[in-house]
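Chain letters run A, B, ... following the sequence lines, proteins first, then strands; residues in each count from 1.
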2 protein chains.
Amino acid sequence: MSSIIQYKHHDRFLLAVDCIIFGFDGERLKALFIKRGFEPEIGKWSLMGGFVNRQESVEAAAARVLQQLTGLDNIYMEQIGCFGDVDRDPGGRVISVAYFALINIADYTENMMQEHNAKWFTIDKIPQLVFDHKKMVLLAKERLQQKVANHPIGFELLPEKFTLRQLQNLYEAIYGNELDKRNFTRKILSLDILHKLNEKEKASSRKGSYYFVFDEKRYKKLETEGVKFI
Amino acid sequence: MSSIIQYKHHDRFLLAVDCIIFGFDGERLKALFIKRGFEPEIGKWSLMGGFVNRQESVEAAAARVLQQLTGLDNIYMEQIGCFGDVDRDPGGRVISVAYFALINIADYTENMMQEHNAKWFTIDKIPQLVFDHKKMVLLAKERLQQKVANHPIGFELLPEKFTLRQLQNLYEAIYGNELDKRNFTRKILSLDILHKLNEKEKASSRKGSYYFVFDEKRYKKLETEGVKFI
DNA sequence: CCAAAAGTGTTGCGTATACACCCATGT
DNA sequence: ACATGGGTGTATACGCAACACTTTTGG
């Protein structure tokens with residue numbers, strides 16, 4: 001881009017980040033929204049967002065916003081894209097960069113929910129959202145589906161130990177269709193990223209189902225390389 | 001995003017778009033770069049770019065830049081993402097939104113090349129580029145590969161009529177590996193998006209190979225729906 | 001008649017899918 | 001004993017990859 005002198009002649013913009021935070025409750029895929037307590041669009045649901053500051057990168061701004069609103073560091077986060085329509089925000093010309101984030105739903109405390117007027121919504125029952133946030137969420141869901149098909153990031157949404165049933169529920173929730181239990185088990189175990197624990201989850205059945213954790217090394221490898229998961 | 005009053009208190013940024021323009025010469029995948037005629041980084045190769053204006057959307061800015069630098073309208077274009085590192089541009093804090101574009105290489109005239117000091121580079125012989133443009137190009141190539149695997153956008157790179165060999169060369173160029181002629185032919189014809197013309201290309205063989213064009217309707221359908229191509 | 005690229009089918013293999021019964025246990 | 005969810009194997013279908021020879025024609 002041009003020279004320093006030319007730079008001065010161009011328009012400047014407010015730059016925001018908006019975060020689609022996904023969570024999984026063991027049954028359904030959820031997204032976190034906050035209820036706006038101020039105008040414009042007071043009372044409407046909205047993504048979590050904030051403005052980018054001069055001295056931070058856009059990505060750092062997204063991480064900061066996530067930290068502020070969830071209390072969590074090192075959240076898995078991926079850029080969805082830039083939303084730059086002229087009238088996307090009736091409050092002024094704001095360019096927004098959207099990110100999606102994956103968190104373990106249990107890490108988001110009741111406190112945090114109250115503090116920010118936040119609420120989890122099942123992914124196919126999303127409320128009306130302000131501005132172009134709905135578009136962002138839909139795109140985020142698509143990207144999540146794409147990514148999850150080849151990378152083990154879905155585990156970011158699970159607690160440290162989980163049952164195969166929960167894992168299958170997660171994939172079913174992300175794709176919105178049912179999977180065959182036997183085929184799913186075979187495939188996921190063949191990837192060799194899971195360790196079976198000697199401990200059973202007993203809440204949801206009499207027999208109890210084994211907990212699994214993932215193998216850190218293999219997990220990281222597949223995260224960068226990618227494999228066909230589904 | 002907050003209220004109008006709050007908006008005022010936040011930093012504003014220069015916003016640029018940068019375009020990775022892909023072309024295909026029948027043999028190899030190419031990208032178009034321009035030689036900077038001014039500081040900083042004078043004499044280095046760079047993506048085509050420009051600043052976003054207050055009254056236009058980011059996407060419109062990208063289309064405008066493409067129009068200005070190629071003379072072409074209605075170019076196939078897709079957003080890659082936002083690049084917002086603090087020091088990505090030594091000339092100042094500039095946020096850039098990168099797009100990739102696909103054009104028929106024959107549509108880019110010699111005139112245009114000279115006017116903008118532009119040059120096509122084979123995709124795996126990319127010169128040193130300014131700022132983070134190399135990163136953009138690599139990401140663009142990845143996105144192109146992903147997209148082309150499921151959507152017929154590769155045809156944007158071809159002249160209206162083309163031979164199966166040229167089409168195969170294109171896919172080979174995009175993926176950087178060789179394909180089996182028989183398997184490729186079978187697969188691509190089974191998609192039922194091609195019409196065989198009664199006309200042969202005679203330049204590259206004695207026997208001559210039939211030209212094909214694509215079926216507009218089926219093409220559009222697959223573009224939106226997606227199919228497994230490769 | 002020869003060189004050079006075009007055009008064209010078959011087979012084997014591996015992966016994905018469909019499908020149903022027994023197991024362990026708390027009540 | 002029984003109800004509930006957990007855990008497991010096999011048979012089939014399909015898509016993908018490997019593979020080679022004949023055709024055409026300009027020179």
hbond_proxy Lys207(B) side chain to dT23(D) base (donor-acceptor, 3.5 Å cutoff):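 It does, because a donor-acceptor pair links the side chain of Lys207(B) to the base of dT23(D) below 3.5 Å.
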
Aromatic rings Tyr175(B) and Tyr171(B): how do their planes relate, parallel, tilted or perpendicular, breaks at 30° and 60°?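 Aromatic pair Tyr175(B)/Tyr171(B) classed parallel.
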
N-O pairing of Asp215(A) and Lys217(A) below 4.0 Å: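 No, no charged N to carboxylate O under 4.0 Å.
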
Nearest-Å distance for atom pair [atom1]/[atom2], residues [X] and [N]:
X         : N       : atom1 : atom2 : answer
Arg206(A) : dC2(D)  : CZ    : P     : 14 Å
Tyr210(B) : dT23(D) : OH    : C1'   : 12 Å
Gln168(A) : dT8(D)  : CD    : P     : 14 Å
Phe212(A) : dG6(D)  : CZ    : P     : 12 Å
Asn177(A) : dT17(C) : CG    : C1'   : 13 Å
Glu178(A) : dA18(C) : CD    : P     : 12 Å
Lys228(A) : dC16(D) : NZ    : P     : 11 Å

Between Glu201(A) and Ser204(A), do the side chains contain a donor N or O and an acceptor N or O under 3.5 Å apart?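 Short answer, yes.
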
Go through residues 181-205 of chain B and report each residue with a non-hydrogen atom lying under 4.0 Å from DNA chain D, sorted by number.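 Close to the strand are Arg182(B), Asn183(B), Arg186(B), Lys202(B).
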
Cation-pi check for Tyr211(A) against Lys161(A): NZ or CZ below 6.0 Å from the six-membered ring centre and within 45 degrees of the axis, yes or no?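 Yes, Lys161(A) and Tyr211(A) form such a contact.
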
State whether Phe121(A) and Lys119(A) meet the cation-pi test: NZ (Lys) or CZ (Arg) under 6.0 Å from the six-membered ring centroid, and within 45° of the perpendicular axis.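 Yes, Lys119(A) and Phe121(A) form such a contact.
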
Rounded at 0.5 Å granularity, tell me how far CG in Leu191(A) sits from CZ in Phe229(A).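 Output value for this atom pair is 5.0 Å.
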
